[in-house]
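The block underneath contains the structure these notes are about, expressed in structure tokens.
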Amino acid sequence: MAASAKKKNKKGKTISLTDFLTEDGGLVEEGAVSKPVSWANETGDLEGDVSTTWHSNDDDVYRAPPTDRSILPTAPWAAREPIIDRSRLPKSPTYTAFLGNLPYDVTEESIKEFFKGLNTSAVRLPRAPSNPERLKGFGYAEFEDRDSLFSALSLNKESLDCHSPTSKPPKPDPT
């Protein structure tokens, strides 16, 4: 059996980016200095008129497609239909909605008043273990039917303005 000859690995030559980008592939004569080429100088050599705009009226190749203005949002958020995927809502009870960023003085009654007109079955407001009087700032509302849950979720980004009986209302501005 004949011994196979090993191939000798050839290492590439390290060259600078300027040498690599020159037209002759980086082969520069000894003593020759390559000068950088500006795109502006190259356009001076072109025949005919050179346009300085992105596109001309004759050629619509670079023109953006027309915008379908019927899909642009024109109504304020409150007037738009909520973007809720009904397929992701639970098909059977319990219908629970997470209530985030609640004020610390909120009460279960004020949340039920906020969801007045919806079939609210329960409201849960977790409290801090270290201070049982202080709420955690979030809660849960349970609804009796799927439509009430959908209506509650469509109230996203609405403000809950409440003052519990124990909290003092804000003082009026004297000005």
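Note that this is a predicted model, so its numbers are computed, not measured.
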Are Y140 and V123 packed together at the side-chain level, in the sense that at least one heavy-atom pair is separated by less than 4.5 angstrom? no

Within the 4.5 Å heavy-atom criterion, are K136 and P129 side-chain neighbours or not? yes

S92: partners by side-chain contact (heavy atoms from CB on, under 4.5 Å), with sequence neighbours left out: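 Listed in chain order: nothing, the list is empty.
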
With sequence neighbours left out, write down each residue that passes side-chain contact (heavy atoms from CB on, under 4.5 Å) with P90, or none if nothing qualifies.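 side-chain contact (heavy atoms from CB on, under 4.5 Å) check on P90 returns Y95, L149.
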
Spacing of [atom1] belonging to [X] relative to [atom2] belonging to [Y], to within rounding of 0.5 Å:
X    : Y    : atom1 : atom2 : answer
N101 : L99  : CG    : CG    : 11.0 Å
L135 : L102 : CG    : CG    : 8.0 Å
R127 : E133 : CZ    : CD    : 8.0 Å
N156 : I84  : CG    : CD1   : 7.5 Å

D147 bridged to R86 by N-O distance under 4.0 Å: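 Salt bridge: yes.
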
side-chain hydrogen bond (donor to acceptor under 3.5 Å, both in side chains) against D145, all qualifying residues, sequence neighbours excluded: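 Only N119, S148 meet the side-chain hydrogen bond (donor to acceptor under 3.5 Å, both in side chains) criterion with D145.
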
Any donor-acceptor N or O pair under 3.5 Å, side chains T107, S110: yes

Which pairs pass ring pair (Phe, Tyr, Trp, His ring centres under 6.0 Å) with one or both residues in residues 100-130, sequence neighbours excluded? F115-F143

Keeping to residues at least two apart or across chains, list the salt bridge (charged side-chain N to carboxylate O under 4.0 Å, His left out) pairs with something in residues 113-124. E113-K116, R124-E142

Going by the salt bridge (charged side-chain N to carboxylate O under 4.0 Å, His left out) test, which pairs reach into residues 89-101, not counting sequence neighbours?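 Sorted pair list comes back empty.
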
